[in-house]
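Convention: sequence-line order gives letters A, B, ...; per-chain numbering from 1.
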Amino acid sequence: MNEEVKTTNFIHDIIDADLASGKHVEVVTRFPPEPNGYLHIGHAKAIHLDFGTAEKYGGRCHLRMDDTNPEAEDEEYVKAIQEDIRWLGYDWGRHLYWASDYFDTMYEYAIRLIKKGKAYVCELGKEEFKDYRGIPTEPGKEPPGRGRSIEENLALFEKMKNGGFEDGACVLRARIDMASPNLHMRDPALYRIKRATHHNTGDKWCIYPMYDFAHCIEDSLEGVTHSMCTMEFEVHRPLYDWILEELDVFRSHQYEFSKLNLTYVVLSKRRLLQLVNEGLVGGWDDPRMPTLCGMRRRGFTPEAIKKLCTIVGCTKYEGITEIEQFESIVRDDLNEASLRAMAVLDPLKVVIENYPDNLVEEFEVPNHPQKEELGTRKVPFGRELWIERDDYMDDAPSKFKGFTIGREVRLRGAYLATCNSVERDAGGNVVGLRCTYDPETKGGSAPDGRKVRSTIHWVSARHAVDAEIRLYDRLYTVENPLGDKEKEFKDFLNPDSLKVATGKLEPMLANVEPGTRFQFERVGYFCADLDHTPAKPLFNRTLTLRGTKA
RNA sequence: UGCCCGAUGGUGUAAUGGCAGCACAUGUGACUUUGACUCAUAGAGUCCUGGUUCGAAUCCAGGUCGGGCAACCA
């Protein structure tokens, strides 16, 4: 997973050209989250691009909290955002900034625009202005305040700042072109009045800059050379350029790329919030959520997430990546890195009739089949075992890998054993197996060299630790839950996205740290949950093994 | 509807005027003390129509289809 795939993309091509021409001598990027929600895998794509680009070119990437709307934002998210970015493995060093750091400068810049006759105070209400702006096919009309004198605008703007107007009574507008085919250029709002306490600046301001005004200035002030954002901002770029041009400040440039889309995943902030608020999931860090904290809890690795970002690359094409792509990367990573263990999720009792009742043996079992350096562990074995219910079948076909009456099967790392008879309840259901083992096959191989095709996992009943095991599956039943005009995404929630099992674990698993990842052999990849304790073991299934059903 | 953007196997992504490659997914086979891993192998692609050129996925024109924008959100 560490082999860095050589990457380039259309933005890096531009950077190469900028560096070659001397337009820039260093590369400065930024990741600008608004602290109003948790980061998800879509943000990971942007983070990977922003920080990864800076890394590639030996430049720097700023982390900037884009806190221009105090009504929406909350300190609670700031810590979580930082934790998630660090978890991905990125470091902004001393370059943590806030849009609110620049409120004074932005105010000065607004005045500069007014003095140039490029901004004015507009008293039109929200709905009224919509009328003036008009529709794309027809030019808009000039708002009444547009012709006001500079002095008047200066006075009015100061009155706005000093609280002389009610919220929403007026806004500061850029004076651009009410006839522009780009609606964003029809005198967009720059400042609005909003009496809200800001988490950084408190009650100092009652006017706050709009995104379009704030963002380009933030970039410029920080010396950001390449400001990358998603495609929906493309139509804002002329405004971004216009503001920096009129202000005559350092020219940052904006480049747009397409968002990440994954099958069986919904990333919209609003809908994620809905899942949490309506109790459809356990919270923002529910392991079924595509949030970084949810994915962390699920057991996904930051390396796998970054590798996905590398593979999907950076283009302007709005496609949808199959979740199988990600799952494959995760399995690759987890297969390499995880230690093996044995756990039985749907236990069936086996009695080895010819094994002494009081005997306990410990077998030295490798922690990884291909990596000797990961060592071995001791697993206790006794007369009574748990095996997977699925590992017994009446009249099994020859390709079946498990017990059937008369067939010899290898108990992984222990002995070869043969099933002689089956115990059934009144309904005919199998409730236990009676087997005999071959004492000559210690470790699992027969001295006479006979071939045994089946190997199954097991846990000693006397030593087994009971555990709650949460079996996670896709949150939705369809690839694109947003793709149906009649139904809403919640109609496609997978009722089986979480199943809870009480499993039997090999004893070592009770004592691992929360977050530790394992492959339960023949079952899947699992991760000790945040709430896992030795007294109450709790594991999450990250993914099944390839080729096995959920 | 106006403006902007895009289109390469089922999916994602390379090829920067010169052999259309890689990965995932799918099929088949081998190996296996995990139905895992690994290995081998197969099928499958340049949206359409013209033009420029010795040569076009790439450049040009027109079309088709898909996406975005029209908050005092970001």
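- Here A:I320 lies in heavy-atom contact (under 4.0 Å) with sugar-phosphate atoms only.
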Show the distances under 3.5 angstrom between N or O atoms of the protein and N or O atoms of nucleotides 29-32 of chain B.
none

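- The P atoms of B:G50 and B:G17 are separated by 25 Å, rounded to the nearest whole Å.
- Not one side-chain nitrogen or oxygen of A:S258 sits closer than 4.0 Å to the OP1 or OP2 atom of B:C5.
- The interatomic distance linking A:F518 (CZ) with B:U34 (C1') rounds to 16 Å, in whole Å.
- Remark: P of B:U34 and NE2 of A:H457 are 13 Å apart, rounded to the nearest angstrom.
- At a cut-off of 3.5 Å, with distance as the only test, a side-chain donor of A:Y240 or A:D219 sits close to an acceptor on the other residue.
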Readout for nucleotides 69-74 of chain B: B = base within 4.0 Å of protein heavy atom, S = sugar-phosphate only, - = neither; 5' to 3' it is SBSBSB
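- At least one test fails for A:R541 against the ring of A:Y472: distance under 6.0 Å to the centre or angle within 45° of the axis.
- Taking atom C1' on both nucleotides, B:G27 is separated from B:A20 by 23 Å, rounded to a whole Å.
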Under the rule of Watson-Crick or G-U wobble with both distances under 3.5 Å, where | means paired to another strand and [ ] a crossing pair, RNA chain B maps to .((((((..((((....[..)))).(((((.......)))))....(((((..]....))))))))))).....
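- A cation-pi arrangement, defined by a distance under 6.0 Å to the six-membered ring centre and an angle within 45 degrees of its axis, is present between A:R173 and A:F129.
- Using a 4.0 Å heavy-atom criterion, one finds that A:F400 contacts the bases of the nucleic acid, with or without backbone contacts as well.
- Distance noted for atom C1' between B:A7 and B:A57: 11 Å (whole Å).
- Taking atom C1' on both nucleotides, B:C24 is separated from B:A44 by 14 Å, rounded to a whole Å.
- Each of A:E364, A:E362, A:E506 was compared with A:K378 under the salt bridge (Lys or Arg N to Asp or Glu O under 4.0 Å) criterion, and only A:E364 meets it.
- Partner of A:N36 under the side chain to side chain donor-acceptor pair (under 3.5 Å) criterion, chosen from A:E76, A:E73, A:K269: A:K269.
- One can place CG of A:L308 at 13 Å from P of B:G12, the figure rounded to the nearest angstrom.
- Annotated as syn: B:A71, whose glycosidic dihedral is within 90° of 0.
- Salt-bridge annotation for A:E324 and A:R474: present, with a side-chain N of the basic residue lying under 4.0 Å from a carboxylate O of the acidic one.
- Proximity of the aromatic rings of A:F526 and A:F539 is defined here by a centroid distance below 6.0 angstrom, and this criterion is not met.
- Not one side-chain nitrogen or oxygen of A:R412 sits closer than 4.0 Å to the OP1 or OP2 atom of B:U33.
- Remark: A:K141 NZ is packed, more than 12 non-hydrogen atoms of other residues, nucleotides or ligands lying under 6.0 Å away.
- Using a 4.0 Å heavy-atom distance criterion, A:G413 is classed as a base contact.
- For A:G319 and A:G444, each mapped to the nucleotide of RNA chain B holding its nearest heavy atom, the one lying further toward the 5' end belongs to A:G319.
- Atom-to-atom, CG of A:N261 to P of B:G67 comes out at 12 Å; the value is rounded to the nearest Å.
- With A:Y208 as the aromatic partner, A:K194 does not meet the cation-pi criteria of under 6.0 angstrom to the ring centre and within 45 degrees of the ring axis.
- Ion pair A:E408/A:R450 flagged as a salt bridge, since at least one NZ, NE, NH1 or NH2 atom sits closer than 4.0 Å to an Asp/Glu carboxylate oxygen.
- Between A:K307 and A:D332, none of the side-chain N atoms (NZ, or NE/NH1/NH2) sits under 4.0 Å from a carboxylate O, so this pair counts as no salt bridge.
- For B:G45 and B:G21, the C1' atoms lie 12 Å apart once the distance is rounded to whole Å.
- We find that CD of A:E234 is positioned 10 Å from P of B:C4, with the value rounded to whole Å.
- Residue A:T315 is classed as a sugar-phosphate contact, given heavy-atom separations below 4.0 Å to backbone atoms only.
- Rounded to an integer number of Å, the gap from CG of A:N480 to P of B:U11 is 14 Å.
- With both ends at atom C1', the span from B:A70 to B:C4 equals 13 Å, rounded to whole Å.
- Nucleotides B:U26 and B:G9 have their C1' atoms positioned 12 Å apart, rounded to a whole Å.
- Between B:A25 and B:G43, the distance separating the two C1' atoms is 13 Å to the nearest Å.
- Other residues, nucleotides and ligands contribute only 12 or fewer heavy atoms inside 6.0 Å of the CG atom of A:D395.
- Within 6.0 Å of atom NZ in A:K56, more than 12 heavy atoms from other residues, nucleotides or ligands are found, so the atom counts as buried in its surroundings.
- For A:F526 and B:A36, the CZ to P distance is 16 Å, given to the nearest whole Å.
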A correct 5'-to-3' footprint of nucleotides 15-25 of chain B, with B, S and - meaning base, sugar-phosphate only and no protein heavy atom under 4.0 Å, is -B------BBS
Between the protein and nucleotides 7-9 of chain B, list every N/O to N/O distance that falls short of 3.5 Å.
none

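- If you check the side chains of A:H48 and A:T310, you find a donor sitting under 3.5 Å from an acceptor.
- Between A:F403 and A:D391, the closest side-chain pair of non-hydrogen atoms is not below 4.5 Å.
- In this structure, a donor-acceptor pair under 3.5 Å is absent between the side chains of A:T29 and A:H62.
- For A:K159 and A:F165, the positive end sits near the middle of the six-membered ring, less than 6.0 Å away and at most 45° from its axis.
- Between A:R522 and A:F10, the residue anchored closer to the 5' end of RNA chain B is A:F10, taking for each the nucleotide with the nearest heavy atom.
- The side-chain contact (heavy atoms from CB on, under 4.5 Å) check on A:N335 picks up A:R340, A:Q519, A:Y525, with sequence neighbours excluded.
- Atom NE2 of A:H368 and atom C1' of B:U34 are 11 Å apart (whole Å).
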